[in-house]
Amino acid sequence: MVNKPWKVISASVLASTLVLAGCMNDKEDASKTNGTVTDQNKEDASSSKVNVSDYTFDTAGNMFAYAEFELSGEPLAESLGLDLDLLDVNKLDQPTPFDYTAGVESYEYSEEAMYEVVEKSGMGLHLINGPAVDLLEDGGSPEEKLGNRFYELADAVGYQREEIFKNMFPTFIEYSSGDPHYKEEVDTSEYASNGDDSYVPVYQVNFESLRWDRDKMEKTLVPSAYGATFLKQALWAGDFMGGFHTVDGDEELAGETSKDDDDENIALGVSSADGFQGAVLTEEMWNKVNFISDELFVNASDGQLTSAGIGSQYDPANGFVYLPHSVGVTEGGMAQAPGAESLSVNDSRSVLQDQWLMLWPSSEFFGMTDQRDANTNKTPSFQALFDGAPYPSAPKENKDTSASNDVKGTDPFSANANVMLHVFKNIDAMHFNNDKGVFVTENDGKEQGTYMDTFQAGYTMESLRIFQRAIDGLPVGYASGEAAEGLKTEEGKRALEMIRKQADFIKDQLIMESGLVAKGFELGKGVDEEVTLDAQLGAIRGLTAAYLATDDKGYRDAARSIYTAMDEQLWNEDLKAYETSDGKMEYTPYTAGAVSAAFRTALLNLSNDGSDQDSPESLEIETITSRYTEFYDTVIDGPSVHEGMQASEFWDTGDYYNGKDTSGNTDGDNVPQVQAGHGKYGISPILLPVTVEKR
């Protein structure tokens, strides 16, 4: 590739490119290639018709789905024996359709959608207004501080300063919904040639033309939305920063000690490029947890927003301090880099989905930032990341085993721990009915609701499993299935107790005669026997979590039984998709993500082995991988270029740019390039809800 780097600029000028982008570009560029996708694939052999039902971007659903897609991507394919070096984005369905779908499409869709939200679209509050930026000392104005900070992060990971993307819009917290269509023409003109007819487009290195319309954003802060984004950030940052690399050869190193990067030829991150992205994600999370901790909790006694305080010392019995369902934002500051001028509580309910979608990512981030002396399983590269440079370490009081001496800290470990422990304790106190052993979906700040939703309960169990591993010092992230000796904390024991009780209730009370699990349970009334795909997926996820957390094979047997019933009764062989409810196939990002997770857990934990008394066809590895690819081809990619949940794609999944091909779909698959699909200027590479019907 011909290298054409940006000119090295001062930190203040770099900062201006981070905050001044987003203005409409009135200049026309004749070299831009904005092809309109033709109907070349419209006449498809598939019997399925997969139409988009809504173009509203749901942040929570998308980021949740893409988190599951990530885990069902390279990590899954590699765990099943794939040599990742065999993957080539230009070789469709090689070395096998499953390997390509998982290792390329599922994984890369997941990564690019995250960047779209936290670096490109403007879907939230700009990092320049983040609370941790105020803590930085290198520079006078916030712009100078942020510019210098990006240079500091680049240096820490051995990344060339001149290669920092231009016109980024890094966010520290994200809005709940918006319009994913681009506001202006995407700049697909040539930035650098690859030596043949293909080239790198400008928008890959300069994000100015990738903004969304701020007037069409729902400017509310919903925990499930900024929490699901937090989950994406934590999973990818954990992957990117989970090792070191050599500066001269960019060779990945596992790392032996937290001092490895003292060597001038060793830098943070598994590579320089991944390290820089990981550092930016960590910077965003550091600001996010401080903002949440300081600004977004509500005091149940007066309904006012308040600081969370010290999580280890929080006692819900003295009054609830929790994350409300919706906080409205009145923006202030620079229009191109807005912050929050004021905040107001729009909906003060505590919603279970919000809570587990905050517990899961804060637990993942806890695993990265953990500096407790008692934890002997700490990762050397993570310790190096939070040893004072580039990120501050925790006060010594917060590293010991005593909660009584803990202090309020703004460092990543302390701020995140405060959020995580508040959320955990509130799930227990506000949402767990200890008598019945179930999680209820709502609490108005005074008393619990009465409905248990199987999907929400199942995912709460999985989030508690990750929490238990994190608080007990066990590996999380991609290694969350690995066995290790933990700290056996009181919080971990309570998490396991709640997991067991909810798992027993699902196993003993909610499985119907059909073998399918009920949608939910109403306290005082009984079982809600409606059949939904989401309920099956939640039960499978939750029972598998219970099995992994407790090693009780009865939970695995129950999950296997529900999976088999789901596959036999809800899978439509002609349309290659599951029925979602009452003869319908209506897929939201939540459902799509949970389907991906069900396939993954089936492959890794539930598939037939020699110890099983029965061996249903649905749980054979070959059957599951076939379902995985069929579902992806039908529902995610779609049977034609105008159908499917995945709205568009970048070059990471094979859609390269070619000066002689203006089709907007150079790889000839069913997903258009970003500038070519669903709208005047195209659409971001995100998931849209769809309906599946017979063609």
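As a basis for the values below, the full set of heavy atoms in this structure was taken, side chains included, without hydrogen atoms, waters or symmetry mates. Computed from a predicted structure; not experimentally measured.
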| note | Residues at least two apart in sequence or cross-chain that pass side-chain contact (heavy atoms from CB on, under 4.5 Å) with Glu649, listed by chain then number, are Tyr109, Thr653, Asp655, Asp667, Asp669, Val671

| request: With sequence neighbours left out, write down each residue that passes side-chain contact (heavy atoms from CB on, under 4.5 Å) with Leu253, or none if nothing qualifies. | output: Phe244, Thr246, Ile266

| message | Parallel, tilted or perpendicular: which one describes the rings of Tyr563 and Phe599, with boundaries at 30° and 60°? | response |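 Ring orientation, 0 to 90° scale: perpendicular.
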
| query | Once the angle between the rings of Phe413 and Phe366 is folded into 0 to 90°, is it parallel (under 30°), tilted (30 to 60°) or perpendicular (over 60°)? | reply | tilted

| query | Of all residues at least two apart in sequence or in a different chain, which pass the ring pair (Phe, Tyr, Trp, His ring centres under 6.0 Å) check with His422? | reply | Phe297, Tyr314

| Set of ring pair (Phe, Tyr, Trp, His ring centres under 6.0 Å) partners for Phe382, sequence neighbours left out |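 With sequence neighbours excluded, Phe382 shows a ring pair (Phe, Tyr, Trp, His ring centres under 6.0 Å) to no residue whatsoever.
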
| With Lys91, which residues qualify under salt bridge (charged side-chain N to carboxylate O under 4.0 Å, His left out), at least two apart? |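 Partners of Lys91 under the salt bridge (charged side-chain N to carboxylate O under 4.0 Å, His left out) test: none.
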
| With sequence neighbours left out, what residues match Glu152 under salt bridge (charged side-chain N to carboxylate O under 4.0 Å, His left out)? |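 Per chain and number, Glu152 pairs via salt bridge (charged side-chain N to carboxylate O under 4.0 Å, His left out) with Arg149.
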
| query | Within the side chain of Arg600, is there an N or O that forms a donor-acceptor pair under 3.5 Å with the backbone of Glu68? | reply |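 Looks like yes, one N/O pair under 3.5 Å.
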
| query | Is the shortest distance from a Lys or Arg side-chain nitrogen in Glu485 or Lys488 to a carboxylate oxygen in the other one below 4.0 Å? | reply | yes

| message | For Glu70, is there an ion pair with Lys232 - N to carboxylate O distance below 4.0 angstrom? | response | yes

| query | Within 45° of the axis and under 6.0 Å from the centre of the six-membered ring of Phe172, does NZ or CZ of Lys288 qualify? | reply |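 Cation-pi check for Lys288 and Phe172: fails.
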
| query | Taking atom CE of Met123 and atom OG of Ser684, what is their separation to the nearest 0.5 Å? | reply | 10.0 Å

